[in-house]
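Note that the numbering runs from 1 along the sequence shown for the chain.
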Amino acid sequence: EEMGDTLPTEKQSIYVKDGMIAEVGTSITSATTNTPRFRITGGIAMPGMIESASLLGTFDITQEDETKDGTAQGKLAERAATAALDGIRLRGKHQVVTLHSGVTVSVSKSPGVRGHQMMGGLMSAFGLFGDTLDETGTYVHNVISREAALEVNIGNRGKQDEGDGRCASVSGQIAVLEELFTDSETKEKSPFSDVLAKKIPLVVNVQQADEMVAVINLKRRLGINLVIQGGAEAHIIADLLKENNVSLVLAPVRCRPDDQWETLRCNPERLSTLQAVRLGLSFEDSESWDLDNQRNLRWEAGYAVALGLPYITALRGVTSTVADIYGLEDVGRIQVGKPANFVVYSGNPLSFNGKPLFVGVSRRVLCGPKMY
């Protein structure tokens, strides 16, 4: 009843060979007698979750600068030439506890977006199971996508007085952004040219409905793939998002009482209105430095179900839909021919009843992960 008609009722097995999913079904025919077996009675398997809209991996301790990647300045920041992946550090406390909860992949942003700055940088996707970001790792290939998306801020967070001052207004931010996309110097071999060629999407952190409309109008003029990240007032323009094929990463899922004018019309019942939109779910507001909550992503998806989102839509919102939004072909699904990346829970993964029992990524397994 809790999960709806979303899971097979008979026993299933997953056979992994050389880090790839070789078979899925009620009976496995190609496994040998020497194949290690893990038998989990009453377990529920799902793809490893994908968290996004956070700074996971870019720092460990908020008040200690030496534990942070830092913030790019000047021309490098203006041209969005920095990639989060190049500043990621694995095996920090935040990544470990997040992995142990069943989140196996992060689409992280560059710390350069922190504070009042319009230009962000390249968001990067990486795996949390491993010791380093070795692109040719023997056991775990942690580098999933160095350039998953180009990120910018529109609205209050994008206001800055540096430079010629145009970014001090929302209208100025839109004008500068369009200029960057049409400028010949920027277009050649840059993240902007990749967005124009639809190789990667443009991710815009924006909360207010009217500002989202301005960004959608820019998408129409440029003909690009657009992802709205934040979207506190997205329910007001749900039809417009669908008509223009705009993806939405809701961050955070629940409306929170705060002093931000941009989120004033956030409606707790908005999720039922957003069912038709390609919807990803994130725990954190994109402005937050608090990384302790990424481990609670599955429960945030559970709250989405309680607030009116169909169970299967919420489940996809932290797995396959997020993978599709960022073009991550090898994660987000349990599928024959794809790299192993799944978690087994003792019960409903989106409730307090389900505890992570087993994490399998490529050739490595984590049995009985600790709950911090």
Side-chain angles (χ1 to χ4, degrees), residues 50-58 69 72 76-88 105-113 117-127 133 135 141-154 158 173-174 176-206 212 215-216 218-231 241 244-249 251 277-280 282 286 319-333:
I50 305 169
E51 77 85 26
S52 62
S54 82
L55 293 166
L56 192 66
T58 61
D69 176 35
L76 196 63
E78 292 171 12
R79 297 301 179 183
T82 58
L85 188 73
D86 297 328
I88 296 295
V105 176
S106 173
V107 184
S108 190
K109 61 174 64 190
S110 168
V113 302
Q117 186 171 319
M118 188 191 79
M119 291 309 308
L122 287 165
M123 299 178 71
S124 302
F126 64 97
L133 287 173
E135 296 193 34
H141 188 127
N142 276 319
V143 178
I144 298 171
S145 175
R146 184 177 185 274
E147 301 179 4
L150 173 63
E151 184 189 35
V152 300
N153 298 303
I154 295 294
Q173 292 164 15
I174 297 292
V176 170
L177 188 57
E178 186 164 12
E179 183 180 289
L180 285 168
F181 274 108
T182 55
D183 180 72
S184 58
E185 180 185 345
T186 306
K187 285 173 66 176
E188 292 185 12
K189 297 181 181 180
S190 74
F192 298 96
S193 62
D194 288 340
V195 172
L196 288 171
K198 296 187 177 181
K199 294 179 180 179
I200 60 174
L202 175 69
V203 175
V204 180
N205 287 309
V206 59
M212 281 186 257
V215 173
I216 292 172
L218 177 64
K219 165 193 161 57
R220 289 176 179 146
R221 295 195 295 271
L222 296 175
I224 60 177
N225 293 330
L226 175 65
V227 179
I228 297 292
Q229 192 168 262
L241 293 171
N244 288 275
N245 195 30
V246 176
S247 301
L248 172 65
V249 176
V277 178
R278 188 160 73 161
L279 183 65
S282 175
S286 57
T319 55
S320 59
T321 300
V322 183
D324 292 341
I325 287 174
Y326 293 106
L328 311 178
E329 297 180 353
D330 289 337
V331 294
R333 291 175 172 83

Determine the minimum heavy-atom distance between [X] and [Y], stating which atoms define it.
X	Y	answer
Ala84	Ser124	N-OG, 3.5 Å
Leu180	Met118	CD1-CE, 4.4 Å
Pro191	Ile200	O-CD1, 4.1 Å
Val107	Met123	O-CE, 3.8 Å
Arg146	Leu122	O-CB, 4.5 Å
Leu196	Leu222	CD2-O, 4.2 Å

Are any side-chain N or O atoms of Ser247 and backbone N or O atoms of Arg278, one a donor and one an acceptor, separated by less than 3.5 Å?
-> no

Expected output: side-chain Ser282 to main-chain Ser52 donor-acceptor under 3.5 Å = yes

Can you tell me how far the [atom1] atom of [X] sits from the [atom2] atom of [Y], to the nearest 0.5 Å?
X	Y	atom1	atom2	answer
Phe126	Ser145	CZ	OG	12.0 Å
Lys219	Ile216	NZ	CD1	9.0 Å
Ile50	Ser106	CD1	OG	10.0 Å
Leu328	Arg333	CG	CZ	10.5 Å
Gln229	Asn153	CD	CG	9.0 Å

Between [Y] and [X], is there a side-chain heavy-atom distance shorter than 4.5 Å?
X	Y	answer
Pro201	Ile325	no
Ile228	Val206	yes
Leu55	Lys109	yes
Leu202	Leu177	yes
Tyr326	Val249	yes
Met212	Val246	no

Report, as yes or no, whether the 6.0 Å neighbourhood of atom CG on Asn244 holds more than 12 heavy atoms from other residues, nucleotides or ligands.
-> yes

Atom CD of Glu329: over 12 foreign heavy atoms under 6.0 Å | no

Only one of Leu226, Ile224, Val203 passes side chain to side chain contact (heavy atoms under 4.5 Å, CB included) with Val195, and that residue is Ile224

When you look at Leu85 and Val143, which way does the side-chain contact (heavy atoms from CB on, under 4.5 Å) test go after all the steps?
-> CA-CA 8 Å; Leu85 188 73; Val143 178; 3.7 Å; yes

